[in-house]
K.L.:
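Provided herewith is a single structure, encoded as structure tokens, for subsequent inquiry.
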Number of protein chains: 2
Amino acid sequence: MTNDTMSASPVDVAPEQACPIAPVVDIVFSRWTTPILWVLNEYGRHRFVELERRITTITPKVLTERLRQLERDGLVVRTYHPEVPPRVEYEISELGRSLAPLFAALADWSINLGEVEQARLDYDARKPVRSRRT
Amino acid sequence: MTNDTMSASPVDVAPEQACPIAPVVDIVFSRWTTPILWVLNEYGRHRFVELERRITTITPKVLTERLRQLERDGLVVRTYHPEVPPRVEYEISELGRSLAPLFAALADWSINLGEVEQARLDYDARKPVRSRRT
DNA sequence: CAGCATCCGATACGATACTG
DNA sequence: CAGTATCGTATCGGATGCTG
């Protein structure tokens, strides 16, 4: 739920029953964080406009919001150089770097994407049968 | 990274994001899928109401939507028993079970949640300085 | 019980315009 | 360059009511 600064996620509100990995998911896999962290982790330090160009579908507003969130969570380090024109660089933090095994596990699992696609085809072929009623 | 089984894989549908793990994130870590998969993976087969009771903050409508999605993606198996009253059971599929290492990696990383929390406190303590203008 | 249909409010996101 | 501010919209999720 890509929550901003203060709101608790709907998973967090029921900690006694909710799965323990939900908080991690909220932090690491909220809406645009994965491409940002991935890029910073894979290709190193980036200026704002460089991130914009790499993640072509993101708007500056959203990129700013997500970078702020990641900076606040300690996953990204923002460095402001008071020059003219101004230069701001973002790099992954040590904490962010600790996500590498996670990303690797994600990448490993992507071999199953074909199976997911096949499951969708099968489901879509079966579904009309299930919902047929007239 | 973008591992492709045979033909055009869904991995390549969003190359503009420059993030090969994004498709996996979309499938596995979309809105409510994590608690559902976690519960089914950890505690086995569940009826609809049992899932409702375990994930206390989810509404039946959303639970249904997410279960349909997970079923379509082949991560969850739905079994309908035509009884009175009707009984429906959900269990994780073999493909869904292959997510276990991923979940384990997530759980491992949760030891860093304290550091995230600390980073937030630090950021919130510094932030007023950055935006101070009077 | 297990759901689907419908309405509705919150809000995340995109588009645009404007600053230091 | 690196944002911020404002606005409109599309989507998501919650609440309610109704079926087999």
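Reminder, nothing fancy here: chain letters follow the sequence lines and each chain counts from 1.
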K.L.:
Using the C1' atoms of the five pairs at each end, what is the angle between the end axes of the helix from C/dC1-D/dG20 to C/dG20-D/dC1, to 10°?
P.N.:
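It works out to 50° between the end axes.
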
K.L.:
Which side-chain N or O atoms in residues 106-117 of chain B pair as donor and acceptor under 3.5 Å with protein atoms at least two apart or in another chain?
P.N.:
from: B/Trp109; atom 1: NE1; to: A/Ser98; atom 2: OG; distance (Å): 2.8
from: B/Ser110; atom 1: OG; to: B/Ala107; atom 2: O; distance (Å): 2.5
from: B/Asn112; atom 1: ND2; to: B/Trp109; atom 2: O; distance (Å): 3.2

K.L.:
Counting the atoms with a prime plus P, OP1 and OP2 as sugar-phosphate, which does B/Pro86 contact under 4.0 Å by heavy atoms, base, sugar-phosphate, or nothing?
P.N.:
base

K.L.:
In this structure, how many angstroms lie between the C1' atom of D/dG3 and the CD atom of A/Glu83, rounded?
P.N.:
16 Å

K.L.:
Out of curiosity, A/Arg72 CZ to B/Leu121 CG, how far, rounded to the nearest 0.5 Å?
P.N.:
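Rounded to the nearest 0.5 Å, the CZ-CG separation comes out at 8.0 Å.
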
K.L.:
Taking only the side-chain nitrogens and oxygens of B/Arg68, find out if one of them lies under 4.0 Å from OP1 or OP2 of C/dG3.
P.N.:
yes

K.L.:
Taking the minimum atom-to-atom distance to the side chain of B/Val88, which one of C/dG3, D/dA2, D/dG3 wins?
P.N.:
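Comparing C/dG3, D/dA2, D/dG3 against the side chain of B/Val88, the answer is C/dG3.
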
K.L.:
Using a cut-off of strictly less than 4.0 Å, decide whether A/Arg78 has a side-chain nitrogen or oxygen near OP1 or OP2 of D/dA2.
P.N.:
no

K.L.:
Between C/dC13, D/dG13, C/dG3, spot the one nearest the side chain of A/Arg31, thanks.
P.N.:
C/dC13

K.L.:
Are A/Thr64 and A/Lys61 side-chain neighbours, meaning at least one heavy-atom pair lies under 4.5 Å?
P.N.:
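With C-beta onward as the side chain, the pair stays apart.
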
K.L.:
Determine whether A/Arg120 and B/Ile27 make a side-chain contact, defined as any pair of heavy atoms from C-beta on separated by less than 4.5 Å.
P.N.:
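Sidechains of B/Ile27 and A/Arg120: in contact.
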
K.L.:
Between A/Arg47 and D/dA2, is there a side-chain N or O to OP1/OP2 distance below 4.0 Å?
P.N.:
yes

K.L.:
Kindly indicate whether the side chain of A/Arg68, heavy atoms from C-beta on, has any atom under 4.5 Å from the side chain of B/Tyr123.
P.N.:
yes

K.L.:
DNA chain D: B/Thr59 or A/Val49, which has the more 5' nearest nucleotide?
P.N.:
A/Val49

K.L.:
Starting at atom CD of B/Glu50, determine the distance to atom C1' of C/dC1, rounded to an integer number of angstrom.
P.N.:
11 Å

K.L.:
Take atom CD of B/Glu52 and atom P of D/dG13, then tell me their distance rounded to the nearest Å.
P.N.:
16 Å

K.L.:
Any heavy-atom pair between the side chains of A/Gln69 and A/Ile36 that's under 4.5 Å?
P.N.:
no

K.L.:
Please report the distance, rounded to the nearest Å, between NE2 in A/His81 and P in D/dG3.
P.N.:
11 Å

K.L.:
How many whole angstroms separate atom CD1 of B/Ile55 from atom C1' of D/dG14?
P.N.:
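About 16 Å, once rounded to whole Å.
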
K.L.:
Can you tell me how far C1' of C/dA2 sits from CD of B/Glu65, to the nearest Å?
P.N.:
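Going from CD in B/Glu65 over to C1' in C/dA2 covers 15 Å.
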
K.L.:
Round to the nearest Å and state the distance from A/Phe48 atom CZ to D/dG3 atom C1'.
P.N.:
6 Å

K.L.:
Does a side-chain N or O of A/Tyr90 approach OP1 or OP2 of D/dC1 to a distance below 4.0 Å, or not?
P.N.:
no

K.L.:
Taking atom CG of A/Leu67 and atom CG of A/Leu37, what is their separation to the nearest 0.5 Å?
P.N.:
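Going from the CG atom of A/Leu67 to the CG atom of A/Leu37 covers 9.0 Å.
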
K.L.:
Rounded to the nearest angstrom, tell me the gap between atom CH2 in A/Trp32 and atom P in C/dC13.
P.N.:
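Rounded to whole Å, this separation is 8 Å.
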
K.L.:
Do A/Lys61 and D/dG3 have a side chain to base donor-acceptor pair shorter than 3.5 Å?
P.N.:
no

